[in-house]
Peer 1: 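Mind looking over this structure? Questions follow.
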Amino acid sequence: MDVLCFGRRAVPLQNRANRLESRKLLNDRMKEMALDLDFRRKWKTVTNVELMTQAAIFQFSDGTKLYLNIS
């Protein structure tokens, strides 16, 4: 299992796409999200991230999910 680091937190990442391009796109998108204060607040409660081909699914501790388009 891979790990996604953002700020000072590391969260387990399940790369379902098994493609390096998808991981690179996610890393680029996470750099953009560093400027989004709302996302940075929500990041504190992320428990798991699933990476698909065109999207990343962030699962929060309360059971909700955030679908993020990475393409």
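These numbers were taken from a predicted model, which means no experiment stands behind them.
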Peer 1: Go through R19 and T53 one step at a time and tell me if the side-chain contact (heavy atoms from CB on, under 4.5 Å) criterion holds.
Peer 2: CA-CA 8 Å; R19 296 176 54 195; T53 306; 3.0 Å; yes
Peer 1: Determine the minimum heavy-atom distance between F58 and M30, stating which atoms define it.
Peer 2: CZ-SD, 3.9 Å
Peer 1: For the CG atom of L20 and the CG atom of L25, what is their distance to the nearest 0.5 Å?
Peer 2: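 Going from CG on L20 over to CG on L25, the span is 11.0 Å.
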Peer 1: Under a 4.0 Å N-O cut-off, is there an ion pair linking E32 with R29?
Peer 2: yes
Peer 1: Evaluate the side-chain contact (heavy atoms from CB on, under 4.5 Å) criterion for residues I70 and L51: first the C-alpha distance (whole Å), next the side-chain angles of each, then the deciding distance (0.1 Å), finally the verdict.
Peer 2: CA-CA 9 Å; I70 61 170; L51 180 61; 3.6 Å; yes
Peer 1: Test question: given the 4.5 Å side-chain rule for I, L, V, M, F, W and Y, name all other residues clustered with I57, or answer none.
Peer 2: M52, Y67
Peer 1: Would V49 and L4 count as a side-chain contact (heavy atoms from CB on, under 4.5 Å) if you check the C-alpha gap in whole Å, the side-chain angles of each, and the deciding distance to 0.1 Å?
Peer 2: CA-CA 8 Å; V49 178; L4 179 63; 4.1 Å; yes
Peer 1: Determine, step by step, whether V46 and L66 satisfy the side-chain contact (heavy atoms from CB on, under 4.5 Å) criterion, reporting the C-alpha distance in whole Å, the side-chain angles of both residues, the deciding distance to 0.1 Å, and the verdict.
Peer 2: CA-CA 10 Å; V46 172; L66 170 72; over 6 Å; no
Peer 1: Kindly compute the distance separating CG (L68) from CG (L26), expressed to the nearest 0.5 Å.
Peer 2: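 Rounded to the nearest 0.5 Å, the CG-CG separation comes out at 7.5 Å.
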Peer 1: If a pair satisfies side chain to side chain donor-acceptor pair (under 3.5 Å) and one of its residues is in residues 33-52, list it, with sequence neighbours excluded.
Peer 2: R16-E50
